[in-house]
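First comes the structure, then the notes that go with it.
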Amino acid sequence: MHYLNMLSGLIMGIILFHTVFITRTVFNHLDEENTKVFLRAIFPKFFLLLAFIGFSYILVGGYIDPGFNKTFTVGCINTVLPSICYFIIPITNSAKDNNETKKFRLLHFISVSLTVITLLTNILFVFS
């Protein structure tokens with residue numbers, strides 16, 4: 001199980017680092033145009049990295065604790081939710097570019113919510 005805890009810790013660390021350091025630094029130190037360029041470059045990589053680690057979690061979890069269980073469920077959450085976030089990025093960017101504020105806010109809320117659910121799931125897995 002310690003391998004799974006390491007993967008969960010990695011996921012938690014990436015999410016927290018990205019949230020606390022990367023996005024705050026970008027919004028505090030870059031102008032609007034450079035912020036847009038940077039965030040559109042980094043967010044796809046962020047979500048793909050989380051999905052890749054989530055898929056690794058499924059593989060390791062399937063070897064250590066095979067079957068449909070808590071481990072498999074956490075692995076699916078770690079893979080599917082970041083993947084959804086990744087796939088809605090173009091729609092979110094388009095909504096922002098076209099000043100579709102309601103649509104952008106909804107998609108951004110979905111993305112943030114799915115990331116928070118991923119974070120909380122891993123916190124609960126490690127500390128339960």
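Atom set for the values below is all heavy atoms of this structure, side chains included, hydrogens, waters and symmetry mates excluded.
More than 12 heavy atoms of other residues, nucleotides or ligands lie within 6.0 Å of CZ in Arg40, so this atom counts as buried by the packing criterion.
Using a 4.5 Å cut-off between side-chain heavy atoms of Ile, Leu, Val, Met, Phe, Trp and Tyr, with links allowed through other members, Ile14 and Val26 fall into the same hydrophobic cluster. Note: the hydrophobic cluster containing Phe38 also contains Ile89 (ILVMFWY, side chain heavy atoms under 4.5 Å, direct or indirect links). Ile88 and Val80 end up in the same hydrophobic cluster when Ile, Leu, Val, Met, Phe, Trp and Tyr side chains are linked at under 4.5 Å. Phe72 is not connected to Leu120 by any chain of hydrophobic side-chain contacts under 4.5 Å among Ile, Leu, Val, Met, Phe, Trp and Tyr, and they are in different clusters. Linking Ile, Leu, Val, Met, Phe, Trp and Tyr whenever their side-chain heavy atoms come within less than 4.5 Å leaves Ile77 and Leu7 in two separate clusters.
Proximity of a side-chain donor or acceptor of Asn34 to a complementary backbone N or O of Leu30 within less than 3.5 Å is not detected.
Put simply, the side chain of Pro82 does not reach to within 4.5 Å of the side chain of Tyr86, judged on heavy atoms. Taking 4.5 Å as the limit, some side-chain heavy atom of Ile42 sits within range of a side-chain heavy atom of Leu39. Counting heavy atoms from C-beta outward, Val74 and Asn78 have side chains that approach closer than 4.5 Å.
Using a cut-off of 4.0 Å between Lys/Arg side-chain N and Asp/Glu carboxylate O, Asp31 and Lys36 are scored as not salt-bridged.
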If you look only at distance, which donor and acceptor atoms sit under 3.5 Å apart when one is on a side chain in residues 43-63 and the other is two or more places apart or in another chain?
| from | atom 1 | to | atom 2 | distance (Å) |
| --- | --- | --- | --- | --- |
| Lys45 | NZ | Ala41 | O | 3.1 |
| Ser56 | OG | Phe52 | O | 3.0 |

Under 3.5 Å, sequence neighbours excluded: what are the donor-acceptor pairs made by side chains of residues 102-118?
| from | atom 1 | to | atom 2 | distance (Å) |
| --- | --- | --- | --- | --- |
| Ser113 | OG | Phe109 | O | 2.8 |
| Thr115 | OG1 | Ser111 | O | 2.9 |
| Thr118 | OG1 | Leu114 | O | 2.8 |

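A distance of 10.0 Å separates OG of Ser8 from CD1 of Ile123, quoted to the nearest 0.5 Å. Distance check, rounded to the nearest 0.5 Å: OG1 of Thr73 to CZ of Phe125 gives 10.5 Å. Met12 CE to Thr121 OG1: the interatomic distance, rounded to the nearest 0.5 Å, is 11.0 Å. If you take CD on Glu100 and OG1 on Thr92, they are separated by 11.0 Å, rounding to the nearest 0.5 Å.
Across all non-hydrogen atoms, the minimal contact from Leu124 to Ser128 is O-OG, 2.7 Å.
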